[in-house]
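Below: the structure, in structure tokens.
Quick caveat: nothing in here was measured; it's all calculated off a predicted structure. Basis for what follows: all heavy atoms, side chains included, without hydrogens, waters or symmetry-related copies. Order of appearance sets the numbers: ligands from 1, and atoms from 1 within every ligand.
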Amino acid sequence: MIKNIGYIILILFGAACSSEKEDYIPIDQNPKLEFTVPSNFPEPSYNVSLNPPTEKGFELGKKLFYDGRLSSDGVISCGFCHIQDFAFTHHTHIVSHGVDGALGTRNAQPLHNLAFMNEFTWDGAAIHLDLQPIIPITAEVEMNESFGNIIKKLEEQPEYVTLFAEAFEDQKINSENILKALAQFTIMMISSNSKYDKIERNEGSVFTPDEAAGFELFTSKCASCHSGTLFTDQSYRNNGLAVDPQYNDIGRNRVTGLASDLYKFKVPNLRNIELTFPYMHDGRLKTLKDVLDHYSDGMVDSETLDPMFKNSEGMVTGIPLAEEEKQQIISFLKTLTDDDFVNDHRFSEF
Ligand code: HEC
Ligand code: HEC
């Protein structure tokens, strides 16, 4: 509607006085936001042209992200489990907890650089970012709500009626637009300003000797899976965690049904890893030192354990590391912390 008014004004103006046309600044009530790919990043997987972020779409997506109305008890928003200070993870929560304190079985993942990912969640159950929020919104142990109810609740809020009308041409409050707005917000969450990035882009930073030694160790021992500038090859692997009988989480097998995918989980990206503790799909490891101890001494053999962690005789070797080497790797991992990102007010609730 507002766009149409702009259009009409443009026509009237143009017809009335064509010589002034060049001075005319088009009235666009909802400017597009620039989606900028950092120079050290690959092309995004998300097709931004199909859902280009706009000022109003982003604002709406952010409002929805922080709104408890998306859950059945009115309390659990996306932002409840995804807290910016901790790179949008659920700080201190081993597994997530949703409406009425219901416990999930997995550790909330960080939200950053989502536009560059092909599949989502620990087992890849969501194959498109636009569809991912359907899982938490409808899961009994997360938000336990239906789109029908959410739409009713939003329609009662004049602020939402206006925002949807401004953000989308069809002006509708429907599930498609809710999901599109959420994606416009989440694809803009790019973390690319860590010390590591500044070094990669030759912006004047340098590694300390420990960080440099850690980077070298990481490159030779970890980067085959945590690869590239996104720190994940986006594959599903078994890194030797013992099966927790409490959850018996079968991982990727849940999606594919293949025996070869039992207990495999998505290789997580390691950006902001200093902030996203506890670690692993069920949050079982508290510290980065615990993670390194797992790789050096904690691995459990199984049918699907990644062959990288075994020697030619099939014995489990893990990744042997001396204490000093572990500390160096941790020093390097801390260079992936992006303070600009966690303090970026564009993504903050207030
Ligand atoms: C109750 C806590 C909780 C709530 C509420 C919640 N999430 Fe999550 N989120 C999680 C957990 C746990 C995972 C990992 C899920 C899995 O692997 O099955 C996750 C995963 C994700 C992922 C996948 C990240 C990746 O790298 O693959 C995205 C995106 C996401 N959530 C966005 C959202 C949005 C948007 C909302 C609101 C509509 C939301 N979440 C609400 C806990 C939550
Ligand atoms: C064979 C592939 C592979 C290699 C090699 C590997 N990882 Fe991992 N890493 C994984 C997978 C898969 C997970 C997730 C496992 C899970 O939660 O079930 C993971 C999880 C992690 C986590 C926890 C991340 C989070 O968000 O909870 C950290 C930290 C980590 N790895 C660091 C390292 C370091 C450091 C090295 C080298 C010493 C390394 N990894 C080597 C596959 C690998």
Side-chain angles (χ1 to χ4, degrees), residues 61 64-68 70-71 75-82 87-90 93 95-99 102-114 117-126 129 132-137 139 141-145 150 178-179 182-183 185-186 189 214 217-218 220-227 231-241 249 251-252 254 263-274 276-285 287-288 290-292 294-296 305-309 318-319 321 325-326 329-330 332-333:
L64 291 167
F65 187 88
Y66 286 111
D67 195 338
L70 268 59
S71 67
V75 174
I76 309 293
S77 64
C78 310
F80 177 86
C81 293
H82 296 286
F88 294 96
T89 52
H90 203 180
H93 281 77
V95 291
S96 66
H97 90 240
V99 290
L103 289 182
T105 59
R106 291 186 180 161
N107 187 240
Q109 291 171 291
L111 305 183
H112 47 210
N113 305 335
L114 292 166
M117 295 295 142
N118 306 323
E119 293 169 334
F120 303 89
T121 76
W122 282 104
D123 55 21
L129 183 60
Q132 197 285 332
I134 296 172
I135 302 176
I137 287 173
V141 295
E142 297 191 31
M143 303 167 96
N144 191 29
E145 190 49 294
I150 293 172
I178 292 172
L179 294 169
L182 281 169
F185 177 59
T186 52
M189 293 158 84
L217 287 162
F218 183 87
S220 67
K221 297 179 192 288
C222 318
S224 54
C225 297
H226 300 285
S227 64
F231 292 88
T232 170
D233 66 357
Q234 307 206 39
S235 66
Y236 300 86
R237 315 263 195 150
N238 177 342
N239 73 343
L241 296 167
D249 193 333
R252 181 69 176 157
R254 205 170 69 106
Y263 308 115
K264 289 187 179 172
F265 292 86
K266 182 163 174 197
V267 174
N269 83 81
L270 300 181
R271 285 176 169 275
N272 295 304
I273 195 74
E274 180 185 9
T276 65
F277 56 92
Y279 302 110
M280 303 299 170
H281 67 269
D282 54 7
R284 71 176 69 183
L285 301 179
T287 65
L288 287 172
D290 295 341
V291 170
L292 274 303
H294 165 74
Y295 280 111
S296 67
L305 177 64
D306 202 273
M308 267 209 54
F309 301 127
I319 303 178
L321 290 165
E325 294 177 314
K326 291 181 189 176
I329 291 177
I330 292 170
F332 162 68
L333 290 174

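- Scanning Pro268, Pro307, Ala223, Gly318 for the heavy atom closest to atom 13 (C) of ligand 2 points to Pro268.
- In terms of protein heavy-atom proximity, atom 21 (C) of ligand 2 is nearest to Tyr295 OH, 3.5 Å.
- Ligand-side atoms of ligand 2 in range of Lys221: 5 (C), 37 (C), range being under 4.0 angstrom from any heavy atom.
- Remark: minimum distance from atom 17 (O) of ligand 2 to any protein heavy atom is reached at His281 N, 2.7 Å.
- Residue Arg106 approaches ligand 1 through these ligand atoms, each under 4.0 Å from one of its heavy atoms: 12 (C), 16 (C), 17 (O), 18 (O).
- Ranking the protein heavy atoms by distance from atom 27 (O) of ligand 1 puts Thr121 N, 2.7 Å first.
- Under 4.0 angstrom from ligand 2, the non-hydrogen atoms of Leu241 all belong to its side chain.
- Proximity of Thr186 to ligand 1, defined as any heavy-atom pair under 4.0 Å, is not found for any part of the residue.
- When all heavy atoms of His294 and Leu241 are compared, the closest pair comes out as CE1-CD2, 3.6 Å.
- Residue contacts with ligand 2 for His226 involve side-chain atoms from C-beta outward but no N, CA, C or O (heavy atoms, distance under 4.0 Å).
- Here His90 has no heavy atoms under 4.0 Å from ligand 1, in either its backbone or its side chain.
- Of all the heavy atoms of Ala125, none lies under 4.0 Å from any atom of ligand 1, so neither backbone nor side chain is involved.
- Here the closest heavy-atom approach between residue Leu103 and residue Val141 is recorded as O-CG1, 3.6 Å.
- Of all heavy-atom pairs between Ser77 and Gly68, the closest is CB-N, 3.8 Å.
- Within the structure, the closest approach of Phe309 to ligand 2 falls below 4.0 Å when heavy atoms are considered.
- Residues Thr121 and Gln132 form a side-chain contact, since some pair of their non-hydrogen atoms from C-beta on lies under 4.5 Å apart.
- For atom 38 (C) of ligand 2, the closest non-hydrogen atom of the protein is Cys222 SG, 2.7 Å.
- The closest approach of His82 to atom 8 (Fe) of ligand 1, by N/O/S atoms, is made by NE2.
- Considering backbone and side-chain atoms together, Met280 places an N or O closer than 3.5 Å to an N or O of ligand 2.
- For atom 12 (C) of ligand 2, the closest non-hydrogen atom of the protein is Arg237 O, 3.4 Å.
- Here the protein heavy atom with the shortest distance to atom 30 (C) of ligand 1 is Gln132 OE1, 3.2 Å.
- Here is the list of ligand 1 atoms found below 4.0 Å of a heavy atom in Ser96: 2 (C), 12 (C).
- Among protein heavy atoms, atom 1 (C) of ligand 1 sits closest to Cys81 SG, 2.7 Å.
- Contacts between Asp282 and ligand 2, counted as non-hydrogen atom pairs separated by less than 4.0 Å, are absent for every part of the residue.
- Among all protein heavy atoms, the one lying closest to atom 15 (C) of ligand 2 is Asn239 OD1, 3.4 Å.
- Residue contacts with ligand 1, taken as heavy atom pairs separated by less than 4.0 Å, involve Ile137 solely via side-chain atoms from C-beta onward.
- Contact between Trp122 and ligand 2 is present, with at least one heavy atom of the residue lying under 4.0 Å from the ligand.
- Aromatic ring orientation, His93 versus His90: parallel (interplanar angle below 30°, classes split at 30° and 60°).
- Looking at Lys266 against ligand 1, nothing comes within 4.0 Å, counting heavy atoms.
- Counting protein heavy atoms only, atom 20 (C) of ligand 1 is closest to Gln109 OE1, 3.3 Å.
- The aromatic rings of Phe80 and His97 stand perpendicular to each other, their planes meeting at an angle above 60°, with 30° marking the opposite boundary.
- In this structure, atom 4 (C) of ligand 2 lies nearest to the protein heavy atom Cys225 SG, 3.5 Å.
- Scanning both residues, Asn239 and Leu305, for their nearest heavy atoms gives C-CD1, 4.0 Å.
- At a heavy-atom distance under 4.0 Å, only side-chain atoms of Leu270, from C-beta outward, approach ligand 2.
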